[in-house]
Amino acid sequence: MLLPFLIVGGVGLVLLLISLVLGDILDHLDVGDGAISGTALSVGLVVFGASGALIATTGLDLVWAYVLAIVLGIAGYVLSAVVVRNLTNSSDGVPASAVGLSGITRSDVSPAGGEVSLDGPGEIERRLAYADEAIPEGSRIVVVEHVGTRVKVAVG
(Lines give C-alpha, C1' and ligand atoms only; values in the text may rest on other atoms or scores of the structure.)
Protein backbone atom coordinates (compact mmCIF):
# COMPACT_ATOMS: atom_id res chain seq x y z
CA MET A 1 0.00 0.00 0.00
CA LEU A 2 2.78 2.44 0.90
CA LEU A 3 5.42 0.80 -1.29
CA PRO A 4 4.66 2.67 -4.56
CA PHE A 5 4.80 6.02 -2.75
CA LEU A 6 8.03 5.12 -1.01
CA ILE A 7 9.65 3.94 -4.26
CA VAL A 8 8.65 7.06 -6.23
CA GLY A 9 9.67 9.35 -3.36
CA GLY A 10 12.99 7.52 -2.98
CA VAL A 11 13.75 7.81 -6.71
CA GLY A 12 12.90 11.51 -6.52
CA LEU A 13 15.19 11.97 -3.53
CA VAL A 14 18.10 10.23 -5.28
CA LEU A 15 17.58 12.35 -8.42
CA LEU A 16 17.37 15.50 -6.27
CA LEU A 17 20.64 14.69 -4.50
CA ILE A 18 22.34 13.97 -7.83
CA SER A 19 21.06 17.25 -9.28
CA LEU A 20 22.32 19.16 -6.25
CA VAL A 21 25.79 17.70 -6.70
CA LEU A 22 26.09 17.56 -10.50
CA GLY A 23 23.58 20.18 -11.58
CA ASP A 24 20.35 19.60 -13.46
CA ILE A 25 20.56 16.06 -14.83
CA LEU A 26 18.21 16.69 -17.75
CA ASP A 27 20.40 19.58 -18.93
CA HIS A 28 23.38 17.21 -19.16
CA LEU A 29 21.33 14.60 -21.04
CA ASP A 30 19.70 17.16 -23.41
CA VAL A 31 16.22 15.92 -22.43
CA GLY A 32 13.31 18.23 -23.18
CA ASP A 33 15.57 20.92 -24.65
CA GLY A 34 15.53 22.82 -21.36
CA ALA A 35 11.72 22.77 -21.09
CA ILE A 36 11.74 20.28 -18.22
CA SER A 37 13.72 20.95 -15.06
CA GLY A 38 15.26 17.84 -13.55
CA THR A 39 15.43 19.52 -10.16
CA ALA A 40 11.74 20.47 -10.28
CA LEU A 41 10.82 16.96 -11.47
CA SER A 42 12.77 15.50 -8.54
CA VAL A 43 10.96 17.78 -6.11
CA GLY A 44 7.61 16.76 -7.60
CA LEU A 45 8.47 13.06 -7.18
CA VAL A 46 9.54 13.58 -3.56
CA VAL A 47 6.35 15.52 -2.78
CA PHE A 48 4.25 12.82 -4.47
CA GLY A 49 5.91 10.05 -2.50
CA ALA A 50 5.89 11.81 0.85
CA SER A 51 2.34 13.16 0.61
CA GLY A 52 0.99 9.85 -0.71
CA ALA A 53 2.60 7.91 2.13
CA LEU A 54 1.23 10.35 4.71
CA ILE A 55 -2.27 10.40 3.23
CA ALA A 56 -2.36 6.59 2.93
CA THR A 57 -1.65 6.26 6.66
CA THR A 58 -4.63 8.45 7.59
CA GLY A 59 -7.12 5.76 6.62
CA LEU A 60 -8.52 7.36 3.46
CA ASP A 61 -9.22 5.15 0.48
CA LEU A 62 -6.13 4.40 -1.60
CA VAL A 63 -7.72 6.18 -4.59
CA TRP A 64 -7.83 9.46 -2.64
CA ALA A 65 -4.24 9.00 -1.55
CA TYR A 66 -3.18 8.75 -5.21
CA VAL A 67 -5.36 11.68 -6.32
CA LEU A 68 -4.13 14.00 -3.57
CA ALA A 69 -0.51 12.86 -4.01
CA ILE A 70 -0.68 13.56 -7.75
CA VAL A 71 -2.18 17.03 -7.18
CA LEU A 72 0.42 17.90 -4.53
CA GLY A 73 3.24 16.44 -6.66
CA ILE A 74 2.21 18.57 -9.65
CA ALA A 75 1.93 21.64 -7.41
CA GLY A 76 5.42 20.92 -6.02
CA TYR A 77 6.80 20.54 -9.56
CA VAL A 78 5.24 23.79 -10.81
CA LEU A 79 6.32 25.80 -7.76
CA SER A 80 9.90 24.52 -7.86
CA ALA A 81 10.08 24.96 -11.66
CA VAL A 82 9.12 28.62 -11.23
CA VAL A 83 11.69 29.08 -8.46
CA VAL A 84 14.45 27.34 -10.49
CA ARG A 85 13.63 29.44 -13.57
CA ASN A 86 13.67 32.69 -11.56
CA LEU A 87 16.97 31.80 -9.93
CA THR A 88 18.48 30.88 -13.29
CA ASN A 89 17.34 34.16 -14.84
CA SER A 90 18.74 36.18 -11.94
CA SER A 91 22.18 34.57 -11.99
CA ASP A 92 25.18 36.60 -13.09
CA GLY A 93 25.93 34.28 -15.98
CA VAL A 94 29.43 33.41 -17.08
CA PRO A 95 32.12 34.00 -14.46
CA ALA A 96 34.80 36.54 -15.27
CA SER A 97 38.01 35.20 -16.74
CA ALA A 98 41.02 35.01 -14.43
CA VAL A 99 43.53 35.25 -17.31
CA GLY A 100 46.16 37.88 -16.50
CA LEU A 101 45.63 37.85 -12.73
CA SER A 102 48.70 37.38 -10.59
CA GLY A 103 48.98 35.52 -7.33
CA ILE A 104 50.98 33.11 -5.25
CA THR A 105 51.16 29.34 -5.09
CA ARG A 106 49.79 27.83 -1.87
CA SER A 107 51.17 24.38 -2.67
CA ASP A 108 53.54 22.94 -5.23
CA VAL A 109 51.92 23.30 -8.66
CA SER A 110 52.67 20.77 -11.40
CA PRO A 111 50.95 19.40 -14.48
CA ALA A 112 49.03 17.16 -12.06
CA GLY A 113 47.70 20.13 -10.06
CA GLY A 114 48.11 22.36 -7.05
CA GLU A 115 46.54 25.40 -5.37
CA VAL A 116 46.99 29.14 -5.85
CA SER A 117 45.60 32.33 -4.35
CA LEU A 118 44.94 35.10 -6.87
CA ASP A 119 45.06 38.86 -6.40
CA GLY A 120 41.89 40.09 -8.02
CA PRO A 121 38.38 41.32 -7.33
CA GLY A 122 36.23 38.56 -5.87
CA GLU A 123 39.20 36.20 -5.44
CA ILE A 124 38.84 35.27 -1.77
CA GLU A 125 39.43 31.53 -1.96
CA ARG A 126 42.14 29.28 -3.29
CA ARG A 127 41.81 27.93 -6.81
CA LEU A 128 42.86 24.63 -8.27
CA ALA A 129 45.71 25.20 -10.69
CA TYR A 130 48.12 23.38 -12.96
CA ALA A 131 51.26 24.33 -14.87
CA ASP A 132 53.43 23.00 -17.67
CA GLU A 133 56.43 22.81 -15.32
CA ALA A 134 56.69 22.35 -11.57
CA ILE A 135 56.36 25.58 -9.56
CA PRO A 136 57.29 25.47 -5.85
CA GLU A 137 55.03 26.68 -3.06
CA GLY A 138 55.27 30.42 -2.33
CA SER A 139 56.20 31.45 -5.91
CA ARG A 140 54.60 34.42 -7.66
CA ILE A 141 52.53 33.29 -10.63
CA VAL A 142 50.34 34.69 -13.39
CA VAL A 143 47.27 33.00 -14.88
CA VAL A 144 47.76 32.16 -18.56
CA GLU A 145 44.59 30.11 -19.14
CA HIS A 146 41.23 29.68 -17.43
CA VAL A 147 39.51 26.30 -17.97
CA GLY A 148 36.29 25.74 -15.99
CA THR A 149 37.13 26.18 -12.33
CA ARG A 150 40.87 25.49 -12.81
CA VAL A 151 43.54 27.91 -13.94
CA LYS A 152 46.77 27.27 -15.79
CA VAL A 153 49.62 29.29 -14.30
CA ALA A 154 53.19 30.21 -15.14
CA VAL A 155 55.97 31.78 -13.09
CA GLY A 156 55.27 35.49 -13.04
Side-chain angles (χ1 to χ4, degrees), residues 1-101 103-107 109-131 143-153:
M1 180 166 166
L2 292 176
L3 190 60
F5 295 117
L6 296 176
I7 290 172
V8 171
V11 167
L13 185 60
V14 167
L15 291 175
L16 185 60
L17 291 174
I18 290 171
S19 69
L20 289 174
V21 172
L22 301 177
D24 199 336
I25 302 166
L26 298 180
D27 284 347
H28 295 295
L29 300 176
D30 293 330
V31 174
D33 197 28
I36 300 172
S37 167
T39 304
L41 182 61
S42 301
V43 169
L45 292 175
V46 169
V47 169
F48 170 84
S51 62
L54 287 173
I55 294 167
T57 60
T58 63
L60 286 177
D61 289 334
L62 193 57
V63 171
W64 285 110
Y66 277 103
V67 169
L68 292 173
I70 289 170
V71 169
L72 291 172
I74 291 171
Y77 170 79
V78 169
L79 181 64
S80 58
V82 168
V83 169
V84 167
R85 187 187 68 216
N86 288 340
L87 287 173
T88 302
N89 291 340
S90 70
S91 70
D92 292 339
V94 180
S97 175
V99 174
L101 292 179
I104 191 164
T105 57
R106 296 296 178 186
S107 68
V109 178
S110 67
E115 287 185 341
V116 297
S117 292
L118 300 177
D119 305 326
E123 295 292 332
I124 57 174
E125 296 182 10
R126 295 178 180 191
R127 283 188 182 249
L128 294 176
Y130 65 99
V143 176
V144 294
E145 190 176 333
H146 188 165
V147 181
T149 58
R150 296 179 61 191
V151 291
K152 181 178 181 182
V153 297

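Residue indices begin at 1 and follow the sequence shown.
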**Student:** By the definition side chain to side chain donor-acceptor pair (under 3.5 Å), identify the one residue from R126, R127, R106 that meets it with E115.
**Tutor:**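 When side chain to side chain donor-acceptor pair (under 3.5 Å) is applied between E115 and each of R126, R127, R106, only R126 qualifies.
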**Student:** Which atoms form the tightest heavy-atom contact between V46 and G9, and what is the distance?
**Tutor:**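 Between these two residues, the closest heavy atoms are CG2-O, 3.8 Å.
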**Student:** Got a second to check how far L2's CG is from I7's CD1, nearest 0.5 Å?
**Tutor:**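 Here the interatomic distance stands at 11.0 Å.
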**Student:** To the nearest 0.5 Å, tell me how far T39 OG1 sits from L16 CG.
**Tutor:**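 Reported to 0.5 Å precision, the distance equals 7.0 Å.
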**Student:** With the side chain counted from C-beta on, respond yes when V116 and V109 share a heavy-atom pair under 4.5 Å apart, and no when they do not.
**Tutor:**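 Yes; the side chains approach each other to less than 4.5 Å.
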**Student:** Can you check whether L72's main-chain N or O pairs, donor with acceptor, with S51's side chain at less than 3.5 Å?
**Tutor:**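 No; judged by distance alone, with no hydrogens or angles, the pair does not exist.
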**Student:** Do Y130 and V153 touch side chain to side chain, with heavy atoms closer than 4.5 Å?
**Tutor:**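 When only atoms from C-beta onward are counted, V153 and Y130 do not touch, as no gap falls below 4.5 Å.
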**Student:** Apply the test side chain to side chain contact (heavy atoms under 4.5 Å, CB included) to residues V143 and L118: give CA-CA distance (whole Å), side-chain angles for both, the deciding distance (0.1 Å), then the verdict.
**Tutor:** CA-CA 9 Å; V143 176; L118 300 177; 3.6 Å; yes
**Student:** S42 and G12: which non-hydrogen atoms are nearest, and at how many Å?
**Tutor:**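 Smallest interatomic distance, heavy atoms only, reads CB-O, 3.5 Å.
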**Student:** How long is the straight-line distance from CG of L13 back to CG of L17, given to the nearest 0.5 Å?
**Tutor:**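 L17 atom CG to L13 atom CG measures 4.5 Å (nearest 0.5 Å).
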**Student:** Kindly give the heavy-atom pair with the smallest separation between L101 and G120, and that separation in Å.
**Tutor:**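 Heavy-atom minimum between the residues: CD2-CA, 4.0 Å.
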**Student:** Quick one: are V144 and V99 in side-chain contact, heavy atoms under 4.5 Å?
**Tutor:**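 Counting from C-beta outward, V144 and V99 never come under 4.5 Å.
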**Student:** What do you reckon, are the aromatic ring centroids of Y77 and F48 less than 6.0 Å apart?
**Tutor:**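 No; F48 has its ring centre 6.0 Å or more from that of Y77.
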**Student:** F5 and A69: which non-hydrogen atoms are nearest, and at how many Å?
**Tutor:**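 Taking F5 first and A69 second, the nearest heavy atoms are CE2-CB, 3.9 Å.
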**Student:** Hey, could you give me the CG/CG distance between L68 and L54, rounded to the nearest 0.5 Å?
**Tutor:**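 It comes to 11.5 Å.
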**Student:** State the CD1-CG distance between I55 and L62, to the nearest 0.5 angstrom.
**Tutor:**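 It is 11.0 Å, given to the nearest 0.5 Å.
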**Student:** Does H146 reach the main-chain N or O of A98 with its side chain, forming a donor-acceptor pair under 3.5 Å?
**Tutor:**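 Yes, H146 side chain to A98 backbone: donor-acceptor pair under 3.5 Å.
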